[in-house]
Amino acid sequence: MTEQFIELFSEQVQIEVEVAPEWMRRPGKYELGDGWPLASAVYGELTGLVLPDVAPPREHRRLDMVLTYSDGTKRVFEFDEIQHFTGARAQTLSFYGEFEVAFDSQGWLARSVALTGREPGGGFGVMKPPLFPEDGGRHQQRAFRDFLADYMPSLRESWLPTARLHYVEAGTALGSASPGDELAKLWNQRTGESLGHRESKPSEPLTIQEWWPLVNRAIRSRLIDATFSPLAQYSLGEIEKVGGQLQIATTGCAIPTTPTHTFQAKQSLGSQAKPRRDPAS
């Protein structure tokens with residue numbers, strides 16, 4: 001997702017990836033400033049505890065992207081995978097309404113409520129002392145940090161409302177015949193900006209070099225089944241050896257429905273390349 005947005009926006013804005021502004025590094029009373037009262041209330045709702053005035057140094061959180069516009073204004077952009085929709089996130093979203101965000105907070109709340117009780121286990125929900133010491137602490141920590149990423153820009157001069165996309169709409173856009181155009185439409189719906197919009201060129205198929213990284217990311221993110229393509233079991237190097245001129249033309253079916261692709265190669269791939277055992281690893 002990050003790569004697609006960098007391509008979409010790179011000529012119009014300055015992009016920083018995986019950055020942590022001061023107010024995301026240590027959510028203490030000094031760093032949060034005027035945001036302290038509401039942040040304390042949200043933390044108390046999540047944990048039943050009192051947010052300490054000084055947060056431990058490790059309580060920092062990197063933002064997916066920060067965009068800086070030509071006039072100096074900035075905007076946080078976040079991409080939310082399924083682990084961002086939990087009961088804890090529903091608790092934080094119930095505080096929204098008094099500050100502006102560039103996404104449908106009620107839609108995020110409804111999705112979080114629907115997935116409450118179905119949160120991912122394992123490392124997704126481990127204890128995170130000292131601020132989140134109970135089982136499910138990682139879910140609480142993630143929800144609290146998402147709240148800060150949404151709320152704190154509203155208190156900062158020259159920061160625009162935080163924009164978010166979630167995994168379902170992003171997967172549909174990436175699986176379309178014109179991913180750039182679909183992502184631009186989503187961005188316009190969120191922000192009112194037509195930043196980076198390009199005319200679609202559906203008649204031009206992707207080259208194997210362009211297509212293969214997208215397929216690998218989709219497989220590893222479980223957006224598509226690893227067996228959807230007869231090529232999914234091969235590495236890019238193996239494909240290049242037997243079909244350097246391979247071109248892929250998509251039919252425009254959206255991930256994760258039922259993608260169908262047509263493949264044309266000068267030679268038979270199956271007879272000359274050895275499949276990998278675990279293409280999704």
Side-chain angles (χ1 to χ4, degrees), residues 1-2 5-6 8-10 12-46 51 53 55 59-81 83-86 88-109 111-112 131 140-167 169-170 183-184 186-196:
M1 177 59 64
T2 299
F5 268 92
I6 289 176
L8 195 64
F9 295 152
S10 58
Q12 288 87 0
V13 299
Q14 178 185 339
I15 301 172
E16 297 175 276
V17 179
E18 294 290 322
V19 292
E22 181 182 357
W23 37 270
M24 289 297 294
R25 291 175 188 166
R26 298 179 68 178
K29 191 170 187 177
Y30 171 77
E31 291 81 7
L32 296 180
D34 292 342
W36 177 255
L38 183 58
S40 297
V42 171
Y43 176 80
E45 174 69 19
L46 279 171
L51 185 63
D53 288 355
E59 278 298 330
H60 71 281
R61 198 267 207 184
R62 294 188 178 96
L63 302 169
D64 289 343
M65 294 175 64
V66 172
L67 310 180
T68 302
Y69 296 77
S70 60
D71 63 358
T73 56
K74 296 176 180 288
R75 188 191 299 277
V76 175
F77 166 63
E78 293 276 274
F79 170 65
D80 289 345
E81 302 93 339
Q83 64 265 25
H84 288 262
F85 295 90
T86 62
R89 185 62 170 135
Q91 287 179 284
T92 66
L93 286 161
S94 68
F95 286 83
Y96 286 42
E98 296 184 5
F99 57 94
E100 186 178 356
V101 292
F103 64 95
D104 178 13
S105 61
Q106 290 302 306
W108 254 246
L109 175 59
R111 185 175 292 272
S112 297
L131 293 188
Q140 295 175 338
Q141 182 188 61
R142 187 183 304 109
F144 186 61
R145 290 174 174 179
D146 282 351
F147 158 76
L148 292 178
D150 295 339
Y151 175 50
M152 292 307 296
S154 71
L155 304 177
R156 293 293 189 269
E157 185 177 356
S158 300
W159 283 80
L160 300 170
T162 296
R164 292 182 180 273
L165 295 181
H166 62 64
Y167 62 102
E169 58 190 356
L183 289 174
L186 286 172
W187 189 258
N188 180 261
Q189 292 169 6
R190 294 288 191 273
T191 67
E193 300 167 352
S194 57
L195 196 62

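For clarity, every value in this text was computed on a predicted model and none was experimentally measured.
Of all the heavy atoms in S154 and F99, the pair that sits closest is OG-CB, 3.7 Å. The minimum heavy-atom distance between L46 and Q140, with the atom names listed, is O-NE2, 3.0 Å. Considering all non-hydrogen atoms of both residues, L160 and Y69 come closest at CD1-CE1, 3.7 Å. Between F95 and A41, the shortest heavy-atom distance links the atoms CZ-O, 3.9 Å. In this structure, F144 and A39 approach most closely via the heavy-atom pair CE1-O, 3.5 Å. Across all non-hydrogen atoms, the minimal contact from L32 to P27 is CD1-O, 3.8 Å.
Residue R61 places its CZ atom among more than 12 non-hydrogen atoms of other residues, nucleotides or ligands, all under 6.0 Å distant. Other residues, nucleotides and ligands place more than 12 heavy atoms under 6.0 Å from the CG atom of N188.
At least one side-chain heavy atom of D64 sits under 4.5 Å from a side-chain heavy atom of E18. Side-chain contact between R190 and F77 is absent, with no heavy-atom pair separated by less than 4.5 Å. You'll find the side chain of D146 stays beyond 4.5 Å of the side chain of L93, heavy atoms only. Side-chain contact between L67 and I15: present, with at least one pair of heavy atoms (C-beta onward) separated by less than 4.5 Å. No side-chain heavy atom of E45 sits less than 4.5 Å from a side-chain heavy atom of V42. R164 has its side chain within reach of D150: a pair of non-hydrogen atoms, C-beta onward, lies under 4.5 Å apart. Between F103 and D80, the closest side-chain pair of non-hydrogen atoms is not below 4.5 Å.
Side-chain atoms of R75 come within 3.5 Å of backbone N or O of P161 as a donor-acceptor pair. Judged by distance alone, with hydrogens and angles left aside, the side-chain atoms of R142 form a donor-acceptor pair with the main-chain N or O of Q83 at under 3.5 Å. Under the 3.5 Å distance criterion, the side-chain polar atoms of Q14 are left unmatched by any main-chain donor or acceptor of T68. Distance alone, capped at 3.5 Å, places no donor-acceptor pair between the E78 side chain and the T162 backbone. Looking only at distances, a side-chain donor or acceptor of T191 sits under 3.5 Å from a matching main-chain atom of W187.
Between the CZ atom of F79 and the NE2 atom of H84 there is a distance of 8.5 Å, given to the nearest 0.5 Å. Rounded to the nearest 0.5 Å, atoms OH (Y43) and CD (Q91) are 13.0 Å apart. The CD atom of E81 lies 10.5 Å from the OH atom of Y167; values are rounded to the nearest 0.5 Å. Distance check, rounded to the nearest 0.5 Å: CE of M152 to CG of L38 gives 10.0 Å.
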- Task: Please test K74 against E16 for side-chain contact (heavy atoms from CB on, under 4.5 Å), starting from the C-alpha separation and ending with a verdict.
- Result: CA-CA 10 Å; K74 296 176 180 288; E16 297 175 276; 4.2 Å; yes
- Just do the side-chain contact (heavy atoms from CB on, under 4.5 Å) check on L155 and W23 with the steps written out, would you? CA-CA 11 Å; L155 304 177; W23 37 270; over 6 Å; no
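Between F147 and Y151, the two ring planes are parallel [angle under 30°; tilted spans 30° to 60°].
Between the side chains of T86 and R89, no donor N or O sits under 3.5 Å from an acceptor N or O.
Not a single side chain to side chain donor-acceptor pair (under 3.5 Å) links Y30 to another residue, sequence neighbours left out.
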